[in-house]
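Just below is one structure, and these are the notes that go with it.
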Amino acid sequence: MSEHFDDLLQPTITAPPEPGGKKPWRVQSQFWIAFFGGVLAVTPIAYLNTYRLGAPKRSRHLILLSGFVATAVYAGFAWLWYPAEAYSLRMAGRIVGVLQYFVVARIQRDDDNRHQIFGSGEYASLWVPGLLSIGFALGVLVAVFTVLRMWPK
Amino acid sequence: MSDATFAAALHLVQMKRPQEALKKLGEAFDPEDPWEWWLRGVALFDLDREAEAAEAVQRGLALDPESTQLLAMLARCRLYLRDLGSAEDAILGALRLDAEDADNLALYAHIVAAAGQFEKAKKLLERARRIDPENEAAMRMQSFLAAARGDDREALLHSRELLAINPEDVHAHRVAGSLLHRRGDVESAAPHLRTAVVIDPFEHGVAELARENRVWRNPFMWPLRPLQRVGIGAMWIAAVTIMFVSRRVAPVSVQLAIAIVWVVYCVYSWVVPPLVRRWLDRHAR
């Protein structure tokens, strides 16, 4: 028996991968949340889904990091275009949100595949959390732009 | 229990009739025979009563703590109960007794893969294939593992490799069928899914996918195939980009035409699939 093989036969599982037993949300469905709610809507949903998928901490950190980067990019557009180019700003928000979806979808991919193939393969409905998340994101944006509008030039 | 009764119960389990096997075992059950506990465990497991199966197998292990079959069965039960740490303990117990058992290496790979340790699972499967190059459990798991890693090409390769050895392997048909269907190659997926349903009509997931495959092969669904091939997200991005660009470069009439085509396509994609599903269901009855 090789040494390499002996290494393989050491226990390495320390915790069950699906804590709490909550079913995860479909990654594809998160696209709509990104499309309608942007970065601020899709990032919290993807972050919470990593717990449901039993993903490692690294995935959570990457999702948070990408969320901060995407929000900073959007804030940059807002800094440049607000209030003159409101339409371009709306489009930029949508595009940045969709791009963020692709990033968080890639981060969740392996754990989602694992859930489909080695787990129960069942998913929870994203309707209510999705709508709440979109509402939260739009609420934050309205609040921020209201403050900006009132800010002395 | 006589050998004949045990053989009859074993045959019933192999024929996927676990309820009858349990009845047969109950006729003359010997609680001092670990093999009878093993067979009871297998029958209960097949009935999706994993907790009871694990209990039965543990009773057998109390009589014969060094049975690799009982340890492997316990690991399988724990795996399906999502108690992966205990599943690992049990399968490592079996592998300590026989480290060259390719089936148990494949089962260990399944357990670590379920815990997200894909690299370790891959190495275990390579080891299993080196020991037994035609081990079906290892090939099956290699196919699942590749699919879980998103490597559809390798998953298909292992499925086909397994089907060359065992053309009736329901899991290989299932993997090949679902991957081809997911890639939008619904015609190639159809024979795999049909065969999987014929071999195991009680596997709900395959039956559901085979039904979905029939829907996608309907001529009314042809316009929607690009949606399946590239994904809804990509189609929306393409549409939004085209509309965005057309606002800058095209006259209003072209912008309007693009918007109308896209709206009609969206409505078609929402309305037609449920209608086709309903029509096929009614036709199938």
Side-chain angles (χ1 to χ4, degrees), chain A residues 1-2 4-21 26-36 42 50 53-59 87-88 90-92 94-95 97-99 101-102 104-106 108-122, chain B residues 78-89 91-92 95-96 99-100 104-105 108-128 130-131 141 143-152 155 175 178 182 205 231-234 236-237 240-241 243-244 247:
Chain A
M1 196 188 302
S2 70
H4 171 67
F5 187 47
D6 286 338
D7 288 345
L8 277 182
L9 292 183
Q10 299 306 314
T12 47
I13 297 172
T14 51
E18 288 177 32
R26 279 185 196 283
V27 174
Q28 294 96 316
S29 306
Q30 292 169 27
F31 174 82
W32 301 108
I33 296 168
F35 187 79
F36 290 110
V42 75
T50 56
L53 285 168
K57 271 183 187 170
R58 191 174 154 270
S59 301
Y87 172 76
S88 299
R90 269 205 307 278
M91 284 308 291
R94 194 146 290 175
I95 290 166
V98 168
L99 289 176
Y101 161 76
F102 284 111
V104 297
R106 177 65 190 85
Q108 294 171 85
R109 194 191 71 178
D110 284 358
D111 293 299
D112 187 59
N113 281 338
R114 179 173 56 75
H115 170 72
Q116 280 181 39
I117 293 168
F118 299 114
S120 69
E122 292 171 351
Chain B
R78 296 283 190 223
L79 167 65
Y80 281 85
L81 289 166
R82 307 302 297 165
D83 184 357
L84 301 180
S86 302
E88 184 180 47
D89 289 343
I91 197 64
L92 283 176
L95 285 166
R96 260 176 229 119
E100 304 283 300
N104 284 347
L105 283 168
Y108 188 29
H110 189 165
I111 294 164
V112 295
Q117 298 174 11
F118 290 174
E119 270 314 302
K120 180 169 178 175
K122 194 175 171 207
K123 285 178 189 165
L124 283 163
L125 291 169
E126 283 165 2
R127 178 72 193 179
R130 273 200 296 275
I131 293 166
M141 200 45 60
S143 166
F144 285 154
L145 187 65
R149 284 178 15 244
D151 191 343
D152 290 3
V175 170
S178 60
R182 195 166 77 183
I232 294 171
W236 265 98
I237 288 171
V240 170
T241 309
M243 281 186 236
F244 191 65
R247 271 179 70 99

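Quick note: numbers below take in every heavy atom, side chains included, and nothing from hydrogens, waters or symmetry partners. The chains referred to below are lettered A, B, ... by the order of the sequence lines, with proteins before strands, and numbering in each begins at 1.
From B:Leu145, atom CG reaches atom CD1 of A:Ile117 across 8.5 Å, with rounding to the nearest 0.5 Å. Atom NZ of B:Lys123 and atom CG of A:Leu8 lie 6.5 Å apart (nearest 0.5 Å). Note that the NZ atom of B:Lys120 and the OG1 atom of A:Thr12 stand 3.0 Å from one another [nearest 0.5 Å].
The heavy-atom pair separating B:Leu105 from A:Leu9 by the smallest distance is CD2-CD2, 4.4 Å. In this structure, B:Tyr108 and A:Pro11 approach most closely via the heavy-atom pair OH-CA, 4.1 Å. Nearest heavy-atom pair across B:Ala114 and A:Phe118 is CA-CB, 3.8 Å. Annotation for A:Asn113 and B:Gly150: closest pair ND2-N, 3.8 Å, computed over non-hydrogen atoms. Considering every non-hydrogen atom in both A:Gln116 and B:Arg182, the closest pair reads OE1-NH1, 4.4 Å.
Contact of B:Ile111 with chain A is made through backbone and side chain together, with heavy-atom distances under 4.5 Å. Neither the backbone nor the side chain of A:Tyr101 comes within contact range of chain B; no heavy atom of the residue lies under 4.5 Å from a heavy atom of that chain.
Here the side chain of A:Arg109 pairs a donor or acceptor atom with the backbone of B:Arg149 at under 3.5 angstrom.
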Side chain to side chain contact (heavy atoms under 4.5 Å, CB included) assessment of B:Val240 paired with A:Phe35: CA-CA 11 Å; B:Val240 170; A:Phe35 187 79; 3.9 Å; yes
